[in-house]
There are 2 protein chains.
Amino acid sequence: MLTYDMSNRGRLARYDYLYRCVKEDILRGRLGSGERLPSKRALARHLQVSVVTVENAYAQLEAEGYLHSEERRGYFVSTVEIRTPAPGVAKAEEKEEQQWLLDFRGGGSGTQGFPFSVWAKLMRRVLTQEGTRLLRPVPHSGVPRLREAIARHLYQFRGITAAPEQIVVGAGTEYLYNLLVQLLGRERVYGVEDPGYSKAARIYRLNGAETVPVTVDAQGTPPEEVERARVQVLHISPNHQFPTGAVTPIARRQYLLHWAEKGKGRYMIEDDYDSEFRFTGRPIPALKSIDDGGRVIYMNTFSRSLAPSLRISYMVLPTGLLEEYRNKLGFYSCTVPAIEQDTLASFLEEGYFDAHISRMRVYYRSRRDEVLESVRKSPLAGRCRILGEEAGLHFLLELDTAKGDGELEQLAERKGIRLSFLTQYQLQPGAAPEHTLVVNYPGIDTRNLPQALERLAELL
Amino acid sequence: MLTYDMSNRGRLARYDYLYRCVKEDILRGRLGSGERLPSKRALARHLQVSVVTVENAYAQLEAEGYLHSEERRGYFVSTVEIRTPAPGVAKAEEKEEQQWLLDFRGGGSGTQGFPFSVWAKLMRRVLTQEGTRLLRPVPHSGVPRLREAIARHLYQFRGITAAPEQIVVGAGTEYLYNLLVQLLGRERVYGVEDPGYSKAARIYRLNGAETVPVTVDAQGTPPEEVERARVQVLHISPNHQFPTGAVTPIARRQYLLHWAEKGKGRYMIEDDYDSEFRFTGRPIPALKSIDDGGRVIYMNTFSRSLAPSLRISYMVLPTGLLEEYRNKLGFYSCTVPAIEQDTLASFLEEGYFDAHISRMRVYYRSRRDEVLESVRKSPLAGRCRILGEEAGLHFLLELDTAKGDGELEQLAERKGIRLSFLTQYQLQPGAAPEHTLVVNYPGIDTRNLPQALERLAELL
């Protein structure tokens with residue numbers, strides 16, 4: 001029987017420690033390929049842990065391919081190459097695996113609350129009803145039925161009138177950013193929000209386009225800054241700026257539209273990444289909804305509102321760009337499999353998406369309240385200010401401290417806490433204020449939160 | 001009841017004509033949203049066509065989103081926007097829709113023979129067994145289990161020894177080409193085969209990389225041409241060049257490897273797009289299998305051997321590139337949904353892929369023989385020579401004619417035949433010989449073939 005000293009696990013969760021022990025044994029060849037593992041119940045008894053602990057450990061090992069299960073027979077060790085990876089690779093992998101008491105950088109939306117059984121049901125139905133039609137090539141912009149469903153959704157929820165022809169479905173917004181540089185050209189100057197979502201800037205740069213930061217203020221992106229920086233394509237999130245949370249008011253939106261219409265080939269890429277989650281008042285209509293001049297490329301993703309592994313995003317192109325898009329990029333195959341597109345179309349058409357979003361809004365609000373409550377009850381309470389909690393999947397925590405962000409980050413890491421500062425999202429020094437934590441509350445383990453906040457308060 | 005004059009259908013298949021009539025009525029608003037269509041049986045009786053004809057027409061309309069079916073209730077008109085699209089768009093759409101008596105450009109591998117029921121069964125099982133684990137983010141290079149299965153497959157069938165860490169899974173080779181330019185840099189000179197697979201060249205150019213054609217000969221790409229053209233990254237298909245069908249012999253492979261090893265930062269991208277289908281002798285081992293210097297990036301796709309709508313391709317990176325890949329591109333999310341990856345992993349692990357390929361080899365061989373037989377029996381027989389029929393999903397037909405390819409193409413189009421010439425794949429004039437048809441035989445409608453060949457013979 002596998003024997004591990006569970007008291008050696010330090011700060012790790014029991015299941016996590018067990019998972020690491022078994023993985024190590026597989027990677028070192030102590031557990032051979034095809035070997036059968038003890039039953040969950042037997043191992044739980046042996047190690048004096050709960051069955052759920054063993055279950056979670058096995059599930060993780062199975063998900064990562066170390067184990068496989070056979071119905072009614074149990075878990076078996078999979079064939080895993082026992083080798084020493086290149087040193088560079090190993091280092092990077094280890095870094096990813098570090099465990100935290102609390103990780104403020106943990107991904108935004110998790111997969112909690114996603115109605116997997118509905119999704120699976122619809123997918124099964126699509127498999128049955130569509131059958132081999134699913135194997136045909138998909139039109140390059142996506143399955144028509146899905147594009148129609150998205151168009152209806154945009155009209156109802158974001159105030160956007162778009163024909164299905166304007167919608168391009170792709171495997172993630174990252175992929176769509178790549179397409180956009182190819183459509184608009186890499187010789188243009190791309191402006192990105194500072195502080196901001198760094199992947200967009202990274203991808204524009206990787207595509208060889210000059211990418212300049214535009215410092216945001218409390219109202220989002222100032223048009224005069226855009227003008228000054230000679231930006232031609234502006235990537236913005238006017239409805240809920242990440243990470244500052246700024247909402248761009250209507251007057252400035254109109255200024256931005258004027259800016260875009262004034263110059264030839266000027267465009268705005270509206271990244272509407274978490275518009276679904278607004279807890280106070282009505283959702284802010286998208287910039288695209290008042291884009292009469294056809295200067296806004298709207299972009300959103302289902303990976304965030306549904307599940308990260310789904311990889312379905314889309315953009316809405318202005319009609320004026322359609323012909324160029326078709327000529328330049330129409331040869332690309334659509335990157336999302338037909339079955340996912342059909343399933344998502346049904347999910348939208350039959351109201352499951354709306355229901356999911358409503359439910360998640362309630363769920364996130366209560367998660368947010370729980371985290372806010374913990375903060376207010378913690379020793380940190382008197383020494384911080386909560387900002388931008390009315391929308392989206394993160395809020396800000398302005399800390400009352402003399403310590404620099406870098407110092408605080410290091411001190412916290414030693415205490416097992418990974419902090420996320422506004423300054424970490426800045427592209428130029430000084431673009432973001434110091435001492436401001438970005439709290440991605442859906443990713444936070446609330447069980448560890450009180451202890452972590454206590455440790456954090458001690459550090460200030 | 002819907003009434004259409006089926007005798008007006010010209011060269012169109014009955015189902016196709018019916019599909020167009022109904023679609024037209026929906027788009028013009030003559031059939032309104034929500035309206036119920038006559039049952040298949042009733043409409044078939046009314047129009048005096050077979051039930052299968054109506055079935056196929058409805059199926060197509062449903063696949064395209066014009067109709068939806070409700071269990072036991074029949075077909076209903078979906079909500080379709082009735083609008084006049086921009087003229088440019090409309091023109092392009094119409095062009096795509098043109099019907100041919102015979103289309104030599106028709107896609108290579110179709111979806112015939114794909115064991116959809118097995119795939120659907122595995123997918124259902126994955127849904128049940130993996131459950132919500134499918135919603136977790138996928139590692140950026142792909143699901144470990146799939147990468148392991150691909151590594152095993154490569155070892156067994158292509159002679160390639162690669163660790164799963166070297167494998168990157170992505171939504172189509174087109175996507176991977178984009179990644180490669182970002183990895184290797186757009187300031188390098190990319191060499192592409194001429195004549196060749198034009199999408200690769202197009203994508204490298206769209207990425208702003210200098211892309212130069214290298215004229216291929218009967219043995220594939222001549223190393224001295226590569227040297228002369230100052231290529232740094234060479235995109236080749238040494239195992240079955242498209243479209244010439246050339247196989248690069250071992251001596252030249254070694255030359256190419258020497259070429260790559262001689263210069264810093266030189267790489268070859270081995271596009272192994274249809275290596276599965278070789279009808280004479282054993283498969284040619286991949287260039288990657290003798291790449292001791294780590295200069296070959298191997299690439300292949302499941303979209304071709306399984307179904308175009310699946311969008312799963314992969315590449316094998318040399319270990320020397322792994323760290324750079326991770327640093328530069330490791331932030332990208334994997335573009336293939338977890339469920340497709342898990343399903344494909346099972347499909348590979350449980351031997352279904354091998355069985356499918358064996359079956360398809362037999363199927364394609366018989367399709368090929370059928371098309372070859374038609375050619376040999378046609379009036380074209382004495383006036384053409386068949387080339388490169390021993391491998392892959394296309395062969396060449398050298399025509400005995402004095403007419404230029406452009407003229408012949410136009411003449412044939414007027415007779416309802418869309419030809420595909422070797423010269424259409426050339427990037428520089430003179431790179432490919434004239435009068436040589438590329439026959440993608442899996443896409444050919446053999447029922448129309450004799451008539452089409454007759455018409456073609458008249459044109460020569």
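Among L146(A), V336(A), T128(A), T335(A), the residue with the largest count of heavy-atom pairs under 4.5 Å with chain B is T335(A). Of the listed residues R152(B), R202(B), K199(B), the one with more heavy-atom pairs under 4.5 angstrom with chain A than any other is R202(B). No other option in H68(A), E187(A), R186(A) has as many heavy-atom pairs under 4.5 Å with chain B as R186(A). When each of S333(A), P139(A), G208(A), A338(A) is checked for heavy-atom pairs under 4.5 Å with chain B, S333(A) comes out on top. Interface check for chain B: of the options N207(A), L329(A), V138(A), I312(A), the most heavy-atom pairs under 4.5 Å are formed by N207(A).
Contact of R147(B) with chain A is not made at all, since no heavy-atom distance falls under 4.5 Å. Of the atoms belonging to S117(B), not a single heavy atom falls under 4.5 Å from chain A.
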Check against side-chain contact (heavy atoms from CB on, under 4.5 Å), S305(A) and M360(A): CA-CA 9 Å; S305(A) 47; M360(A) 289 313 285; over 6 Å; no
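Ring pair H140(B)/Y325(B): centre-to-centre distance below 6.0 Å.
For the residue pair T343(B) and R124(B), no side-chain donor N or O sits within less than 3.5 Å of a side-chain acceptor on the partner. Side chains of R145(B) and S346(B): a donor on one and an acceptor on the other come within 3.5 Å.
Looking at E148(A), its side chain never comes within 3.5 Å of a backbone N or O of P164(A) through a donor-acceptor pair. In this structure, the side chain of S303(A) does not engage the main chain of L310(A) through any donor-acceptor pair within 3.5 Å.
In terms of heavy atoms, L183(B) sits closest to L321(B) at CD2-CD1, 4.3 Å. Heavy atoms only, all atoms of each residue included: T301(A) and S313(A) are closest at OG1-OG, 2.8 Å.
Within residues 171-182 of chain B, the residues that have a heavy atom under 4.5 Å from a heavy atom of chain A are A171(B), E174(B), Y175(B), N178(B), Q182(B), listed by number.
Y15(B) meets the side-chain contact (heavy atoms from CB on, under 4.5 Å) test with A13(B), T53(B), N56(B); sequence neighbours excluded.
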